[in-house]
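Let me begin by presenting the structure, written as C-alpha cells, before commenting on it.
Here the structure is a predicted model, which is why all the values come from computation and not from measurement. Labels below follow one simple rule: chain letters A, B, ... track the order of the sequence lines, proteins then strands, and each chain is numbered from 1.
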Amino acid sequence: SHAYNLVICGLCNEGRPYEGSKLLGDMLKNECKPNLAIYTTLIDSFFKVGDKENALKLLEQVQERGYKLDKFACSTVVNGLCKIGEVEQAWDFLERSQVLGLDVNAFSYSAIIDGLSKAGKIGEAEKVFKAMSERGCAGDVFCFNAIIDGFCKAAEMQKAMRILHWMEREGCEPTVYTYTILIDGHFKVRDLEGALKLWDEMIDKGISPNAVSFRTLSTGLCLSGNVSRACRILDELATMGVVPATAYADMIKVLCKAGRVKQACKLADGIIDRGREVPGKLRCAFINALRKAGKADLAFKMVHSRIGIGYNRS
RNA sequence: GCAACGAGCACGA
C-alpha cells in the first residue's frame, strides 16, 4: 500500500494523473484502502493538467466513500478551481465546506484572494479578506501578498503600501515576495524612488534578495536609464555576499535587450575585473543575451573574438 | 499506536 502511495505521488508530480488513477483502481481491487492524501494528490494533479472534470469526479468519489475532507483537500480543490479561472465556484465550495464544519484555513483563502486579485477584482478580494478575518481565520503572508499584488496590478500603490504597513502592525512579517511585488508595482508606475526605498528597506530588514527580486530591480532600473544605479546595487550585494546566482547574466540580458550593449560590456568587464564570475560563463551568457536581443552580428563577433570578454565594442 | 505520502503568493523568458 505504501508502495502504491509513493508511485502515485511520483506520477502525479510528473503530471500523469491518469496513470495515477489507474493505480488507484488497482489498489481498490486489491482491497487496499487509499488514504485521503492520495486522493488529494490525484485531485491536485488533475487540476494542474487542466482536467477539471476528472478532478471533480474524484472529489465526489472521495466524499461518497466517506472521507471527511481536511484542510489539505479543501485548499487543493479551492486552489485548483481558482487556477483554472473558476473563482466563483471555488468560493462556493469554500463556503459550503465552511458550513459543513470542514477545515478551511488561510491556504484556501489565499487562493481565492489571489484569484480575485489576478482577475482585477480587488474589491471582492478585500471582501474575502474581511470575511476570513471575521470567521476567525487569521490572514497569513500569502493572503497579504496576494492582496498587495492586486493593488499593485491595479496601479493603486498607496493602497498597496497601506496593506504593507497594516500587515506589519498585525505582526505578519513581509517576505521577499512582498517586497518584489511592491517593487515591481512601483516600477510599473515609474516611481523609481519608491522602488529603491523598498529595496533598501528589505535589505535593512535582513531579507536576502533572490534572483527574482534582483531581476525586478535591475530590469526596472536599467530600462529607465539608471544602469549605473543598478550596477552599484549589484556591487553592494557582492560585498555582502548575497548575489543571486543568475544576477550577472540577468543584468547583461536586460542591458542587451535595451540596446545598451556598451553598458553591458562595461558591466561584464567590471565583473571579471573583480573576479566575481568565471569569464567563460559570463561570456557565454553575454553571447546568448546578444542573440536573444536580435543582435546576431554582435554575438557572432563575440564568438569569434578571443580576447577577454566584452572587449569588442562596436 | 508509530512511520511514510498531499495544498496557496512575485519579475522576466
Side-chain angles (χ1 to χ4, degrees), chain A residues 1-13 17 20 34-48 55 58 62 67 69-83 90 94 103-118 125 132 137 139-153 160 163 167 172 174-188 195 198-199 202 207 209-223 244 246-247 249-251 253-254 256-258 288-289 291-293:
Chain A
S1 170
H2 291 180
Y4 274 121
N5 288 3
L6 289 174
V7 178
I8 293 176
C9 273
L11 287 167
C12 286
N13 288 332
N35 62 16
L36 184 55
I38 297 306
Y39 282 105
T40 306
T41 308
L42 279 161
I43 292 171
D44 185 48
S45 187
F46 274 124
F47 272 122
K48 291 206 164 111
L58 199 52
V62 197
Y67 292 87
L69 302 188
D70 62 5
K71 58 188 169 183
F72 290 94
C74 285
S75 71
T76 298
V77 174
V78 171
N79 180 50
L81 288 169
C82 287
K83 286 287 146 56
L94 186 150
D103 201 351
V104 177
N105 63 8
F107 273 69
S108 295
Y109 283 102
S110 81
I112 302 264
I113 295 169
D114 179 56
L116 291 170
S117 285
K118 284 201 166 68
M132 170 180 70
C137 177
D140 65 5
V141 220
F142 282 65
C143 296
F144 282 108
N145 288 351
I147 207 151
I148 289 174
D149 194 37
F151 280 123
C152 287
K153 296 291 189 307
I163 306 282
M167 71 190 276
C172 182
T175 64
V176 64
Y177 276 70
T178 317
Y179 281 103
T180 306
I181 291 164
L182 284 162
I183 290 168
D184 183 54
H186 278 83
F187 276 120
K188 295 229 159 94
L198 283 159
W199 174 270
M202 178 179 79
I207 299 173
N210 61 16
V212 174
S213 60
F214 181 72
R215 194 155 52 224
T216 303
L217 181 82
S218 62
T219 305
L221 287 175
C222 289
L223 296 187
T246 57
D250 284 339
M251 248 189 96
K253 215 186 295 172
V254 229
C256 289
K257 206 176 136 203
N288 271 324
R291 236 180 4 89
K292 286 200 187 127

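D103(A) comes within 4.0 angstrom of nothing in the nucleic acid, heavy atoms only. The residue T180(A) sits close to a base: some heavy atom pair falls under 4.0 Å. Contact annotation for T40(A): base contact, defined as any heavy-atom pair under 4.0 Å involving a base atom. Residue D184(A) is classed as a sugar-phosphate contact, given heavy-atom separations below 4.0 Å to backbone atoms only. Heavy atoms of N35(A) sit under 4.0 angstrom from at least one base atom. Residue-level contact check: L36(A) touches the bases, meaning some heavy atom is under 4.0 Å from a base atom. Within 4.0 Å (heavy atoms only), K83(A) reaches sugar-phosphate atoms of the nucleic acid but no base atom. Using a 4.0 Å heavy-atom criterion, one finds that A211(A) contacts no nucleic acid atom at all.
Shortest non-hydrogen contact noted between K118(A) and D114(A) is NZ-OD1, 2.6 Å. The minimum heavy-atom distance linking S108(A) with V78(A) is given by the pair O-CG1, 3.5 Å. For the residue pair L69(A) and C74(A), the shortest heavy atom distance occurs at CB-SG, 4.1 Å.
Using modelled atom types, one finds a donor on one side chain and an acceptor on the other under 3.5 Å when comparing N210(A) with S213(A).
Put simply, chain A comes within 4.0 Å of RNA chain B, heavy atom to any atom, from rA3(B) to rA13(B), going 5' to 3'.
C152(A) has its side chain within reach of L182(A): a pair of non-hydrogen atoms, C-beta onward, lies under 4.5 Å apart.
One N or O on the side chain of D140(A) and one on the backbone of C143(A) form a donor-acceptor pair closer than 3.5 Å.
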